[in-house]
Amino acid sequence: MIKRILMMATAFVLITAMGLSGFSGSFYAQGATASEDLESLQIYKAVGYKAGDCVLTANVYMLRRASILAGSLEWDEITNTTLRSTACTSPYGSSLRYSYTYKKDGLTFKVIHDVVTGSAGNKTAQLKKLLEKHPEGIVVRGRDVRGYGHGILITEYRNGTFYAADSAQNKGGANRGILKMKETTVPRVSSLVHIWYIDSISGSSKSAKTHLKNNKDAEKENLENIADNQGNDEAVENANEYSDDLGNVNKVIAPITPAPEDEGDLGRAK
């Protein structure tokens, strides 16, 4: 039991400490695959939504998913209300900046704007390439079936289909979470032009480290109590071993630093 808890804690902090560096490698993808939280409807429930907030809400979804992958327990505190003054050109408006930096729970997210160009096939290829490095998703803005601009978060490409979270399907009484893109308000890849994505993350989650430390202290105290009550030498040894091992694991939680810029990314809009 103790070994199992230790293995789970080790995997958790390794994902936290190693998985985000530059979004370049498989470790981040492993963390995303293992996280059932990314399917939770609660992530995609729009909070503080105002008319015209579609792109802002999609950014909230993206930052929430990245925070979960970083081990943060405070992802739900990222809302339209808390992000608006940082990400929008006006503290009361909905028009998104082309780039912004958002800080939460010891993590610093740098978000930038770009465009996708060419045919629907070319745009699909460009987005697929970005999604390989960004399991937190890519915010896209295109045209809905009526021709109006609208933004959603594309989360993955699977079996020839993009999946996305759309604020129009997750506000008010609606909470449908992630849908096939063709079921969202922006069903056509050909209409997409503007995109936003997380260019880098630095820092480390304070809440993740606190959670790990609290769990370590509580488990060690529990084992020591068992040892005191039973006089069990093996229990004492397990308690000391658990404390030493988790102390070493805790050292693994190092600040996340962005990797050098990937020259293979899309040409960024000026």
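The first residue of the sequence shown is numbered 1, and numbering continues consecutively from there.
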Taking all non-hydrogen atoms of both residues into account, name the closest pair between [X] and [Y] and its distance.
X      : Y      : result
Trp75  : Arg64  : O-CG, 3.4 Å
Tyr98  : His194 : OH-CE1, 3.8 Å
Thr82  : Thr79  : OG1-N, 2.9 Å
Gly52  : Ser94  : O-CB, 3.2 Å
Val145 : Pro187 : CG1-CG, 3.8 Å

Check your understanding: Quick one: ring-ring contact (aromatic ring centres under 6.0 Å, His included) pairs with a partner in residues 155-186, sequence neighbours left out?
Key -> Tyr157-Phe162
Would you call [X] and [Y] a side-chain contact if the rule is heavy atoms closer than 4.5 Å?
X      : Y      : answer
Ser167 : Cys54  : yes
Arg141 : Ile152 : no
Leu127 : Ile154 : yes
Leu130 : Ile195 : yes
Val111 : Leu63  : yes

**Study point:** Residue list, salt bridge (charged side-chain N to carboxylate O under 4.0 Å, His left out) with Asp105, at least two apart or on another chain
**Key:** none
Point to revise | Residues which pass salt bridge (charged side-chain N to carboxylate O under 4.0 Å, His left out) with Glu156, listed by chain and number, not counting sequence neighbours | key: Arg158
**Study point:** Which residues share a side-chain contact (heavy atoms from CB on, under 4.5 Å) with Ala87, sequence neighbours left out
**Key:** Leu56, Leu83, Leu96, Tyr100
Review point. In chain order, what residues pass the side-chain contact (heavy atoms from CB on, under 4.5 Å) check against Lys103, with sequence neighbours excluded?
Key: Thr108
Would you say the side-chain atoms of [X] pair up with the backbone N or O of [Y], donor to acceptor, closer than 3.5 Å?
X      : Y      : value
Arg143 : Tyr148 : no
Ser72  : Ile68  : no
Lys123 : Ser190 : yes

List for me each residue that meets side-chain hydrogen bond (donor to acceptor under 3.5 Å, both in side chains) alongside [X], sequence neighbours excluded, and say none if there are none.
X      : result
Glu77  : Lys104
Tyr44  : Arg65
Thr185 : Asp166
Tyr49  : none

Review point. Any salt bridge (Lys or Arg N to Asp or Glu O under 4.0 Å) pairs touching residues 41-61, not counting sequence neighbours?
Key: Asp53-Arg84
Check your understanding: Where do Val140 and Val186 land on the side-chain contact (heavy atoms from CB on, under 4.5 Å) test, with the steps shown first?
Key -> CA-CA 9 Å; Val140 299; Val186 186; 5.9 Å; no
Practice item. Return yes when atom CD of Gln42 has more than 12 non-hydrogen atoms of other residues, nucleotides or ligands closer than 6.0 Å, and no otherwise. Key: no
Revision key, fill the gap. NZ of Lys129 to CD1 of Ile138, rounded to nearest 0.5 Å, is 12.5 Å
Check your understanding: Checking side-chain contact (heavy atoms from CB on, under 4.5 Å) for the pair Ile78/Ser67: CA distance, chi angles, key distance, verdict?
Key -> CA-CA 9 Å; Ile78 304 174; Ser67 294; 3.3 Å; yes
Exercise for review: Check the pair Ser202, Leu107 against side-chain contact (heavy atoms from CB on, under 4.5 Å), reporting the backbone distance first and the verdict last.
Suggested key: CA-CA 6 Å; Ser202 59; Leu107 297 164; over 6 Å; no
Review point. Listed by chain and number, what are the ring pair (Phe, Tyr, Trp, His ring centres under 6.0 Å) partners of Trp196, not counting sequence neighbours?
Key: His113
Extract all donor-acceptor atom pairs below 3.5 Å that involve side chains of residues 172-181 and protein atoms in other chains or at least two apart in sequence.
from, atom 1, to, atom 2, distance (Å)
Asn175, ND2, Leu41, O, 3.1
Asn175, ND2, Asn170, OD1, 3.0
Arg176, NH1, Gln169, OE1, 3.2

**Study point:** Cluster link Tyr102 to Val47, ILVMFWY, side chain under 4.5 Å
**Key:** no
**Study point:** Worked check of side-chain contact (heavy atoms from CB on, under 4.5 Å) between Leu69 and Leu38
**Key:** CA-CA 9 Å; Leu69 293 173; Leu38 294 182; 3.9 Å; yes
